[in-house]
Every structure is written in structure tokens, then in C-alpha cells.
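Have a look at the structure below before the remarks.
All residue numbers refer to positions in the sequence shown, counting from 1. Given the structure is predicted, the values throughout are model-derived calculations rather than measurements.
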Amino acid sequence: MMQQRFAAHEVLETQEALRSKHAEIEMHGLFAEMAQDPQLKDIIARHQRMIINAYQQGLNLLQGKGVNVSAQANQLRMMQPPSIGLNNPQMTTPNPHPSRLSDMTISTIMLNWHKAGSAIGMLWAAECVDPDIRQYHVNGANNCQQMAYETWQYMNARGYYQAPQLADHTMNTMIGAYQNQPVLV
């Protein structure tokens, strides 16, 4: 059986993705040990399982083991609708010498990591010529944005990340500035 041939940049990017997933798996393990909230622990464990699966899928793909990389369905749980608007946000003073991370810090690191993973995953996908490797990175970007949104929902429900809202007049003025485009035939 002939080894699959890939373009150099897509192998390098996929190797970087695998190295990042390796680090994420370990970080999620640490986060699971430090988290206090059972709901956050559940989110961390679910995300870690998704990352482990993606790591193994990428490794199998590079090794030519016949991986199905078709678009994946949403694997995450969506919580209650988000709270929009500010409700007297308060931030604690950062502790420069913690013995463990707070749930707010853990979820903030997760959110930022997942958001960055979504952006870079799509960038990697756009650089790939092999359709399976391309789809692997698209799936990774999509998984990251889903994990980011689930993490944000958790943070929003706990008051860690509130979503400010524009005044109705300002929002309506901004939206009203656009005009419908007639459909071209």
C-alpha cells in the first residue's frame, strides 16, 4: 500500500494542530482537577473527550488509516438562553500566587483557547489541498467554536462574562442604516 502524499505545509499545519491538541488534552486534565463547580467539571470532561477524539482522528489521517472526516454534527449541550445586558459586573482582584485556578480563570482560559483554535483551524483549512485534511481542520475549527460557545454560556450564566447591550435607539439606528438589495436574476 502506497503512503498518502500530502503537501508540506498541510503536514506541518496538521502536526501543529496535533501538538496543540496534545497540550489541550493535558490542560483540560489539570482544569478538571482544579475546577470546583460540577457543571464546569462536566464541560471540561466533555471537551477533553472531543479533543482526544480529534487528536486520534488527525493522527490516523496522517498515518493513512482511512478516517471519515465528513462534517460533524454538534456534540455539545446548549444551556439556557444567554443573559443579555449588564447586571452590576464585579471582578475580583487577580491573585498573582494561586495554589489553584478559580472557575472563572479556568473558563476564561478555555474560552480564549477555543476561540483561537477556531480561527487558526479555519486558517489551516484554507491552506490545505488534500480534501480530507482540509475537512479535518474545518471540523476542528467548528468544534472549537462550539466549545467556545458552550464555555461562554457557562460563563454568562455565572456572571463571569456578561454581554452588554446597545440602547434600543442606537441599535435601531445602526440596523436601519442598511437597505435591502434587490435580487438579481
**Prompt:** Roughly how far, to the nearest 0.5 Å, is OH of Y154 from CG of D37?
**Reply:** 3.5 Å
**Sidechain-backbone polar pair: N156 side chain, Y161 backbone, donor-acceptor under 3.5 Å** = yes
**Asked** Could you state the interatomic distance from CD (Q57) to CG (L59), rounded to the nearest 0.5 Å?
**Response** 11.0 Å
**Message:** Counting C-beta onward and ignoring hydrogens, is there a side-chain heavy-atom pair between Y160 and T108 closer than 4.5 Å?
**Reply:** no
**D103 backbone acceptor or donor facing S107 side chain under 3.5 Å** = yes
**Item:** Check: T105/S102 side-chain N/O donor and acceptor closer than 3.5 Å
**Value:** yes
**Request:** Taking the side chain as every heavy atom from C-beta outward, state whether E16 and E13 have any pair of such atoms under 4.5 Å apart.
**Result:** no
**Prompt:** Any salt bridge between R100 and E33, counting N to O under 4.0 Å?
**Reply:** no
**Prompt:** Which residue pairs pass the side chain to side chain donor-acceptor pair (under 3.5 Å) test with at least one member in residues 111-120, sequence neighbours excluded?
**Reply:** H47-H114
**Side chains of N142 and Q145, donor plus acceptor under 3.5 Å** = yes
**Message:** Under a 4.0 Å threshold between the charged nitrogen and the carboxylate oxygen, would R134 count as salt-bridged to D130?
**Reply:** no
**Request:** Could you check if a side-chain atom of L30 sits within less than 4.5 angstrom of a side-chain atom of L101, using non-hydrogen atoms only?
**Result:** no
